[in-house]
Protein chains: 2
Amino acid sequence: MKNRQERKLLTRQSLMSAALQWVEEGQHFSSLSIREVAKRAGVVPTAFYRHFKDMDDLALNLVDELSLVLRQLMREVRQERASPTRIIEASVQQYCQYVASQRVFFLFMSQSMTGGTTVVRQAVRSELQYFAKELVVDLRRLDLLPNMEPAMVDHLADLTISTVAFATVQLLDLVDSGPQARQAFEYKLTRQLQLIYIGAANWRRA
Amino acid sequence: MKNRQERKLLTRQSLMSAALQWVEEGQHFSSLSIREVAKRAGVVPTAFYRHFKDMDDLALNLVDELSLVLRQLMREVRQERASPTRIIEASVQQYCQYVASQRVFFLFMSQSMTGGTTVVRQAVRSELQYFAKELVVDLRRLDLLPNMEPAMVDHLADLTISTVAFATVQLLDLVDSGPQARQAFEYKLTRQLQLIYIGAANWRRA
DNA sequence: ATTAACTGTGTACAAGCGTGCACAATATGC
DNA sequence: GCATATTGTGCACGCTTGTACACAGTTAAT
């Protein structure tokens, strides 16, 4: 075998996906031990330290991967060119599909939003804030809401992200419910976001 | 000492408040062991089983206590008689105050919404659903939104609860930030809820 | 008054935990 | 080609974990 860096990267990824596998099985990340993740990655426990300082360190690196997943999602949703009236509907549909396809990352995210260590929680939250910021950019670019003061646009974006994030937690538990339950969920989320943006359209500065 | 049931209830409560103490210290409930909670309650580990089947059982009983806290909150907010235009502002203010005073319960709730076992998660979520249902009752009673179909009122209430619940998670991390940060938070949440209810007022059935 | 039920104690065990340390294998820099 | 740095191994240590079991003290039931 050649190339030491490649080999290292390989076991590093083994460790990270072993951690995700743990989450995918319904376990909480915080209950994952170094020994367990090493066993699943097929290495000896102490080898863990060649890659990560501790489990928190691993979690932060998972957040970085999650960040890539979210950026990819943003790209996909943005290139969707639906009519303005149907843009929410289309985005929700696409989002739900994406959550299903990248399920484990969103599981990890929803766990870490409230669950993990302070630093991990903060890391995930700053990802969401970045998301909200990008949404603000989009709202400006579409040039709807010209009457709204900037601070309120921020609050609007924050509310949007909050709503979607909270809904995601519910969506993730709907895995073994029938497709009609998912349909109803999509419908509900769509209506709720429409409600918010009707509010935004009718907002008069206070 | 007399009265066995009283004594039993006492150590039972010791166990439960020991668990809450653990959460209050910033630890995650799922990382609390039987031995640790027993130690903190001042009993021997095996005594735990005289009261609870396992930690999940204890968690469910904590959810029951949480339920009482939430009902108390609902009562307090309801007897607040602010003008219709200021009702959101007043409710948010009162809510934030209540979260601060019952901090540990809301910490436990926010952990269990996404963190714990499936059964605990479901239990907390059904508490929130109950809350949403009560909100629907209130909205009907105030007889605003006569144009809105019942299903949409449900979605509105759900969105309200989601928003507040998600905001609570943020609020709980604002404990050591200054009072101006809390002020800003209250302002943001108020604006967001106003946004939602402006949307509701302008909703036309689809 | 005696018996039974209950609640908490103490001990014990196997399993799992984090992690320090010496060592083997091997790719890399000179 | 040789010295070095890096990656993974294996072992060891002391600690914590869940829980089984026998037992003690006390209250409740008869």
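Side chains included, hydrogens not; waters and symmetry mates left out as well; all remaining heavy atoms used. Protein chains get the first letters and strands the later ones, always in sequence-line order, with residue 1 at the start of each. Note that this is a predicted model, so its numbers are computed, not measured.
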**Request:** Could you check how far CD of A:Q5 sits from P of D:dG8, rounded to whole Å?
**Result:** 13 Å
**Item:** Separation of atom CG in A:N3 from atom C1' in D:dG8, rounded to whole Å
**Value:** 16 Å
**Request:** Using atom CH2 of A:W22 as one end and atom C1' of C:dG16 as the other, report the distance to the nearest whole Å.
**Result:** 11 Å
**Message:** The side chain of B:Y49 is closest to which nucleotide in this list: D:dG18, D:dA5, C:dT7?
**Reply:** D:dG18
**Salt bridge B:E127-B:R71, side-chain N to carboxylate O under 4.0 Å** = yes
**Asked** How long is the line joining CZ of B:F48 and C1' of D:dG18, in whole Å?
**Response** 11 Å
**Prompt:** Quick one: is B:S33 getting a side-chain N or O under 4.0 Å of the D:dT16 phosphate, OP1 or OP2?
**Reply:** no
**Message:** Any donor-acceptor pair under 3.5 Å linking the side-chain atoms of B:T11 with those of B:R7?
**Reply:** no
**Request:** Consider only side-chain N and O atoms of B:E89 and B:Q93, and report whether a donor and an acceptor are under 3.5 Å apart.
**Result:** no
**Message:** In this structure, how many angstroms lie between the C1' atom of D:dA28 and the NZ atom of B:K8, rounded?
**Reply:** 14 Å
**Prompt:** Given D:dT9, C:dT9, C:dT28, which nucleotide is nearest the side-chain atoms of A:V43?
**Reply:** D:dT9
**Request:** Ignoring hydrogens and angles, answer whether the base of D:dG8 and the side-chain atoms of A:R7 contain a donor-acceptor pair closer than 3.5 Å.
**Result:** no
**Asked** Looking only at N and O atoms, is any donor in the side chain of A:R12 or the base of D:dT7 less than 3.5 Å from an acceptor on the other one?
**Response** no
**Request:** Kindly point out which of D:dG18, D:dT9, D:dA28 is positioned nearest to the side chain of B:I34?
**Result:** D:dG18
**Message:** Side chains of B:Q122 and B:R125: any donor to acceptor distance under 3.5 Å?
**Reply:** no
**Message:** Just the rounded figure in Å: distance from P of C:dG10 to NZ of B:K39.
**Reply:** 15 Å
**Prompt:** Is A:T46 side chain donor-acceptor paired with the D:dG8 base, going by distance under 3.5 Å alone?
**Reply:** no
**Message:** Side-chain N or O of B:H51 versus OP1/OP2 of C:dG8: is the shortest distance under 4.0 Å?
**Reply:** yes
**Prompt:** Is it the case that more than 12 heavy atoms not belonging to B:E25 sit under 6.0 Å from its CD atom?
**Reply:** yes
**Message:** Just the rounded figure in Å: distance from P of D:dT16 to CE of B:M55.
**Reply:** 17 Å
**Complete:** Per atom distances to the A:R35 side chain, the nearest of C:dT7, D:dG18, C:dG18 is C:dG18
**Prompt:** How many Å lie between NZ on B:K53 and P on D:dG18, as a whole number?
**Reply:** 14 Å
**Prompt:** Of A:R50 and A:E36, whose nearest nucleotide on DNA chain C comes first from the 5' end?
**Reply:** A:E36
**Item:** Phosphate OP1/OP2 of D:dT7 contacted by A:T11 side-chain N/O (<4.0 Å)
**Value:** no
